[in-house]
Amino acid sequence: QVRLVESGGGLVQTGGSLRLSCTSSGINFKIYTMNWYRQAPGKQRELVARIFSGGYTNYSDSVKGRFSITRNNAIDTVSLQMNSLEPEDTAVYYCNTNVEGETYWGQGTQVTVSS
């Protein structure tokens, strides 16, 4: 059974930082692309960052230069370091992967950035 569990969300002031982590189980983690999405109230879920099995990364233009995605294959974990946070970053953040044509999501972790 594939399972993704996020942690690290919380309340932070504008300009602050948070580090999110997502630990996986039930997959051969090291061979899969891992993604972070977010969804704010009233908005569509959007892709924030992606890291491929070889370590190559992609970022949404809105977070480029502020967020950094990394993976630690030894502990089946992908992380998202978020710096210079703004109120528009407020959302539920979800870890995601695709395994053999099926999409899997974590439960989400709330990030709230106060103005």
Side-chain angles (χ1 to χ4, degrees):
Q1 176 107 232
V2 177
R3 189 178 181 214
L4 305 173
V5 180
E6 302 98 333
S7 62
L11 175 64
V12 65
Q13 293 182 330
T14 297
S17 297
L18 285 172
R19 184 175 178 87
L20 308 182
S21 294
C22 170
T23 298
S24 69
S25 60
I27 62 170
N28 187 6
F29 175 84
K30 67 181 182 297
I31 71 171
Y32 291 106
T33 298
M34 301 299 298
N35 311 294
W36 284 100
Y37 284 77
R38 67 186 181 188
Q39 187 165 26
K43 295 185 179 180
Q44 294 289 324
R45 191 170 297 187
E46 65 170 337
L47 178 64
V48 174
R50 166 172 287 162
I51 185 164
F52 295 86
S53 61
Y56 186 81
T57 58
N58 291 150
Y59 297 94
S60 166
D61 287 343
S62 64
V63 308
K64 196 171 298 179
R66 301 188 297 123
F67 291 11
S68 180
I69 186 170
T70 57
R71 67 191 298 155
N72 187 339
N73 290 337
I75 57 172
D76 295 351
T77 296
V78 60
S79 297
L80 185 69
Q81 178 67 44
M82 305 184 295
N83 300 322
S84 302
L85 285 162
E86 299 290 341
E88 58 264 32
D89 296 315
T90 295
V92 178
Y93 284 72
Y94 297 92
C95 182
N96 160 270
T97 193
N98 184 279
V99 179
E100 303 297 333
E102 298 294 329
T103 300
Y104 296 93
W105 299 92
Q107 83 286 353
T109 186
Q110 176 71 49
V111 171
T112 302
V113 184
S114 64
S115 59

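The figures that follow rest on heavy atoms only: side chains count, while hydrogens, waters and symmetry mates do not.
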Contact between [X] and [Y] at the side-chain level, heavy atoms closer than 4.5 Å - yes or no?
| X | Y | answer |
| --- | --- | --- |
| Pro87 | Thr14 | yes |
| Leu85 | Phe67 | yes |
| Cys95 | Val78 | yes |
| Ile75 | Phe29 | no |
| Trp36 | Cys22 | yes |
| Arg38 | Val63 | yes |

Report task. Would you kindly check if the NZ (Lys) or CZ (Arg) of Arg71 is within the cone defined by 45 degrees around the ring axis of Tyr32 and under 6.0 Å from the six-membered ring centre? Result -> no

Report task. Ignoring hydrogens and angles, tell me if any N or O in the side chain of Ser53 forms a donor-acceptor pair with the backbone of Thr33 under 3.5 Å. Result -> no

Report task. Would you confirm whether Gln13, through its side chain, and Ser114, through its main-chain N or O, come within 3.5 Å as a donor-acceptor pair? Result -> no

Report task. Determine, stepwise, if the pair Glu6 / Tyr93 fulfils side-chain contact (heavy atoms from CB on, under 4.5 Å). Result -> CA-CA 8 Å; Glu6 302 98 333; Tyr93 284 72; over 6 Å; no

Query raised in the report: Strictly by modelled atom types, are Thr23 and Thr77 linked by a side-chain donor-acceptor pair under 3.5 Å?
Result: yes

Report task. Go through the side-chain N and O atoms of Asn35 and Arg50 and say whether any donor and acceptor fall under 3.5 Å apart. Result -> yes

**Report entry** Residues Ile69, Tyr59; criterion side-chain contact (heavy atoms from CB on, under 4.5 Å); working and verdict
**Finding:** CA-CA 9 Å; Ile69 186 170; Tyr59 297 94; 3.4 Å; yes

Report task. Before giving the answer on side-chain contact (heavy atoms from CB on, under 4.5 Å), spell out for Met82 and Val111 the whole-Å C-alpha distance, their side-chain angles and the decisive distance to 0.1 Å. Result -> CA-CA 10 Å; Met82 305 184 295; Val111 171; 3.8 Å; yes

Query - Members besides Leu11 in its Ile/Leu/Val/Met/Phe/Trp/Tyr cluster (side-chain heavy atoms under 4.5 Å) - result: none

Report task. Run the numbers on Ile27 and Tyr104 for side-chain contact (heavy atoms from CB on, under 4.5 Å), then give the verdict. Result -> CA-CA 11 Å; Ile27 62 170; Tyr104 296 93; 5.9 Å; no

Report task. Kindly state each residue pair satisfying salt bridge (Lys or Arg N to Asp or Glu O under 4.0 Å) with at least one member in residues 98-114, sequence neighbours excluded. Result -> none

Report summary line: Sequence neighbours excluded, the answer for salt bridge (charged side-chain N to carboxylate O under 4.0 Å, His left out) partners of Lys30 is none

Query raised in the report: How long is the span from the CD1 atom in Ile51 to the OG atom in Ser68, to the nearest 0.5 Å?
Result: 8.0 Å

Query raised in the report: Under 6.0 Å from the CZ atom of Arg19, do we count more than 12 heavy atoms belonging to anything else shown?
Result: yes

Report summary line: Heavy-atom closest pair (Ser79 atom, Ser21 atom, distance to 0.1 Å) is OG-OG, 3.3 Å

